[in-house]
Amino acid sequence: MTTTTPRSAGATDAAAPGTSAVPAAPPGGYDAVPELVWLLDELTGDEGPFSGAALAGLDTREAFPAQACRALDEFGLPRYYVPVEHGGSLDDFSTVMRLLRAVSRVDLTVAAAHGKTYLGAVSTWIAGDPDRAARLGRRIGEGAVVSCALTERHHGSDLLAGEVTAREAEGGAGWHITGEKWLINNITRADLVTVLARTSPAGGPRGFSLFLVDKSRLAPGALTPLPKVPTYGIRGADISGMEFHDALVPSDALIGEAGHGVEIILKALHITRTGCVAMSLGAGDHALDLAARFTTATTDGGTPLAELPHVRRELGAAVAGLLLAEATGLVAVRAVHALTGEMSVVSAVAKAYVPAQVDDLVARLLHTLGPYGLLDADGHGSFAKLERDHRIIGIFDGSSLVNRNALVDQFPRLSRGYRKGRRDEQGLVEATDPGVPLRPFRPQALSLLSGIGASVVAGLPAAVDRVHDLAASEAASDRLASLAGRLRQAADRLHEEMAAVRFAPRAVPGHAFELAERYELCFAAAAALHLWLRRPDRVDEAWLRACLVLVLTELGEPVGDTERDDLDTLADALLTARPGAVPSLIDSLEGTTP
């Protein structure tokens with residue numbers, strides 16, 4: 001977790017409440033993350049829009065967090081949704097992850113509502129028209145909200161079944177869009193909406209196109225907003241729909257080339273799925289912080305819950321789960337820059353694994369705390385709200401099932417790449433060493449399939465060999481070497497099973513999804529191992545051992561009782577940290593752990 005710091009010298013004051021002015025880009029060297037953490041801390045006071053009472057009240061009324069979103073606008077967060085080449089401040093996706101993680105740590109509804117603008121805009125960034133991208137960048141800088149309308153009521157995630165149509169107007173005067181988009185975040189409040197529409201009656205991969213619809217330029221009656229849909233979590237978010245009635249949009253609303261809509265949006269999802277990990281990590285931070293506060297303050301027969309051995313062990317396992325999720329998320333967002341051609345694999349792993357891991361973390365804490373976990377301990381029902389809100393993150397930008405299906409489709413490439421040790425060594429170093437500067441993101445390097453597999457996992461055998469070398473020189477423990485060796489053996493067996501999977505199109509066997517889950521665990525463990533090897537002096541080896549213990553346990557591999565003791569080390573790190581400081585790999589790697 002990023003530590004709260006005093007406001008940086010020279011920072012500009014926020015715009016007056018009620019305005020939507022976005023401050024100009026700050027000077028070089030400005031670190032927006034501690035500045036935002038400081039601001040959120042200020043706004044969580046009794047009268048602030050991020051206070052527990054205010055957020056709980058909005059949740060009860062299922063009301064949109066307009067004041068909180070306006071505060072983020074005034075801070076200038078929309079700048080980080082716009083690449084620097086289009087006039088914004090986005091030059092490092094890990095910065096965006098940390099900013100949205102900071103917001104999600106306080107409230108997921110606000111993060112989901114505000115961060116949607118990037119999903120709405122990213123297709124324009126990827127399509128590559130610099131003039132249109134610059135225009136959109138200016139609009140976002142002026143406060144415009146952007147949404148993305150992909151799904152429809154009767155087709156869910158099956159984009160190729162979409163029935164919303166766009167037909168070219170006579171004389172090339174534009175396009176007429178007709179049909180309904182449904183279950184879309186921010187579509188009613190958005191100023192602009194990216195719409196996927198069928199432009200060929202036959203459909204198919206080249207039968208759809210993307211349009212950036214400016215609602216202010218539509219004729220009266222051209223669209224009808226649909227009622228807000230009640231949801232289990234993020235109750236205040238604007239999740240609804242919109243029906244287009246032969247809405248005429250200008251020719252320059254087309255994003256990229258006609259017929260390339262599905263390809264563009266699939267590449268865009270490689271980025272936005274990875275971005276979703278920020279919300280899950282923030283939720284995990286919040287859950288662990290609440291659990292630490294509660295278990296140290298609540299007594300059971302005069303004994304604080306945190307002193308009960310089984311509670312400490314479960315807290316340690318929860319911390320290990322979050323560290324694995326953080327390792328996966330950090331490597332994934334750096335891979336956007338460093339391993340761009342592999343993002344079809346990396347994004348699928350990140351989106352399937354990280355939200356599921358945080359769901360498991362929350363469930364573990366609820367089970368451990370028993371009835372105490374259901375109590376309104378802070379007067380605002382924070383834990384119950386967090387549990388409800390986070391369940392929605394797993395279905396954003398493709399559910400875990402959709403992303404695991406994407407992994408299964410690439411099993412032959414992944415198993416072949418692992419067997420042959422194919423990897424982009426320089427890209428792997430950049431992705432797994434936060435001290436190495438990242439190359440600029442090149443959208444044109446995105447691919448629907450990875451050419452070599454996944455460098456993070458293909459590099460696991462060499463990483464394990466390195467651990468054994470360190471153990472031989474007494475720079476690492478024999479226990480770590482043993483755990484790493486068992487991880488490699490499990491990964492070897494997994495890739496043999498993956499290579500044996502055969503299926504007809506659209507007939508994926510059920511056991512393949514279980515293999516995909518095991519692959520995610522191997523990826524997470526490999527990410528943690530690579531990160532530790534880059535900076536072993538900054539990350540406690542016991543943390544890495546605890547992560548490997550958890551992965552091996554979930555893989556069904558034997559783990560000794562003594563090895564599980566490292567989970568207690570993580571529990572100690574959580575319970576002895578200052579309030580609000582959850583153990584973090586990022587903080588450790590950067591040397592900022594309190």
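Scope of the values below: all heavy atoms of this structure, side chains included, with no hydrogens, waters or symmetry mates.
- Side-chain contact between Thr296 and Pro304 is absent, with no heavy-atom pair separated by less than 4.5 Å.
- The aromatic rings of Tyr81 and His114 lie tilted to each other, with the angle between the two planes from 30° to 60°.
- Annotation: the span from Leu322 atom CG to Asp285 atom CG amounts to 5.5 Å, rounded to 0.5 Å.
- Residues Phe396 and Leu119 fail the side-chain proximity criterion, which asks for heavy atoms closer than 4.5 Å.
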I would like to know whether Asp41 and Thr44 meet side chain to side chain contact (heavy atoms under 4.5 Å, CB included); could you show each step before the answer?
CA-CA 5 Å; Asp41 187 59; Thr44 55; 4.3 Å; yes

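- With hydrogens and angles disregarded, a donor-acceptor distance shorter than 3.5 Å links the side chain of Lys181 to the backbone of Leu150.
- Between Phe383 and Val362 there is a side-chain heavy-atom pair separated by less than 4.5 Å.
- Taking the six-membered ring wherever Trp is involved, the centroid distance between the rings of Tyr353 and Phe523 does not fall below 6.0 Å.
- Electrostatic pairing of Arg313 and Asp565 counts as a salt bridge here, judged by a charged N lying under 4.0 Å from a carboxylate O.
- Across all non-hydrogen atoms, the minimal contact from Ala283 to Leu108 is CB-CD1, 3.8 Å.
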For Ser123 and Thr194, what are the C-alpha separation, side-chain angles and deciding distance, and is it a side-chain hydrogen bond (donor to acceptor under 3.5 Å, both in side chains)?
CA-CA 8 Å; Ser123 294; Thr194 294; 5.5 Å; no

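- Judged purely by atom type and a 3.5 angstrom limit, Arg538 uses its side chain to pair as donor or acceptor with the backbone of Leu589.
- Judged by distance alone, the side chain of His155 and the main-chain N or O of Ala161 form a donor-acceptor pair under 3.5 Å.
- In plain terms, the two heavy atoms of Ser89 and Tyr80 that are nearest each other are CB-CE2, 3.7 Å.
- Atom-to-atom distance recorded for Asp397:CG and Ile271:CD1 is 11.5 Å, nearest 0.5 angstrom.
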After noting the C-alpha distance and the side-chain angles of His530 and Val456, does the key distance pass the side chain to side chain contact (heavy atoms under 4.5 Å, CB included) rule?
CA-CA 8 Å; His530 287 306; Val456 172; 4.0 Å; yes

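- The line from OH of Tyr118 to CG of Leu90 is 5.5 Å long, rounded to the nearest 0.5 Å.
- Taking each heavy atom of Pro434 and Arg535 in turn, the nearest pair found is C-NH2, 4.5 Å.
- With Tyr232 as the aromatic partner, Arg391 does not meet the cation-pi criteria of under 6.0 angstrom to the ring centre and within 45 degrees of the ring axis.
- With rounding to the nearest 0.5 angstrom, the OG1 atom of Thr295 is 7.0 Å from the CG atom of Leu574.
- Residues Gln357 and Thr328 have side chains not in contact (no heavy-atom distance under 4.5 Å, counting atoms from C-beta outward).
- Judged purely by distance below 3.5 Å, without hydrogens or angles, the side chains of His390 and Ser280 pair a donor atom with an acceptor atom.
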Under the side chain to side chain contact (heavy atoms under 4.5 Å, CB included) rule, what do Leu365 and Leu288 come out as? Steps first, then yes or no, please.
CA-CA 8 Å; Leu365 292 174; Leu288 282 174; 4.2 Å; yes

For Ser450 and Gln410: C-alpha separation, side-chain torsions, deciding distance, then whether side-chain hydrogen bond (donor to acceptor under 3.5 Å, both in side chains) applies.
CA-CA 8 Å; Ser450 173; Gln410 299 192 69; 5.1 Å; no

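- At a threshold of 4.5 Å between non-hydrogen side-chain atoms, the residues Leu210 and Val195 do not count as touching.
- A donor-acceptor contact shorter than 3.5 Å links the side chain of Glu326 to the backbone of Leu585.
- Considering every non-hydrogen atom in both Ala190 and Val146, the closest pair reads CB-C, 4.2 Å.
- The closest donor-acceptor contact from the side chain of Glu557 to the backbone of Ala490 lies at 3.5 Å or more, if one exists at all.
- Note that the OG1 atom of Thr151 and the CG atom of Asp158 stand 11.5 Å from one another [nearest 0.5 Å].
- Side chain of Lys351 to backbone of Gly275: no donor-acceptor contact under 3.5 angstrom is found.
- The main-chain N or O of Gly233 is never found under 3.5 Å from a side-chain atom of Asp389 such that the two would form a donor-acceptor pair.
- Without hydrogens or angle criteria, Arg61 side chain to Gly57 main chain gives a donor-acceptor distance under 3.5 Å.
- Counting only heavy atoms from C-beta outward, the side chains of Thr553 and Arg564 approach each other to under 4.5 Å.
- With no hydrogens or angles considered, no side-chain donor-acceptor pair links Asp107 and His286 at under 3.5 Å.
- At a threshold of 4.5 Å between non-hydrogen side-chain atoms, the residues Asn405 and Val402 do not count as touching.
- No salt bridge links Arg364 with Asp360; every basic N to acidic carboxylate O contact stays at or beyond 4.0 Å.
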Steps toward side chain to side chain contact (heavy atoms under 4.5 Å, CB included) verdict (Val110, Leu55):
CA-CA 9 Å; Val110 179; Leu55 296 171; 4.3 Å; yes

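- The pair Lys116-Asp238 fails the salt-bridge criterion, with no side-chain N (NZ, NE, NH1 or NH2) lying under 4.0 Å from an Asp/Glu carboxylate O.
- With values rounded to the nearest 0.5 angstrom, Ser344 atom OG is found 9.0 Å from Leu407 atom CG.
- Looking at every heavy atom in both residues, Leu40 comes nearest to Leu72 through CD2-CD2, 4.4 Å.
- When all heavy atoms of Phe93 and Val333 are compared, the pair lying nearest together is CB-O, 3.9 Å.
- In this structure, the side chains of Pro583 and Trp543 come closer than 4.5 Å at one or more pairs of heavy atoms.
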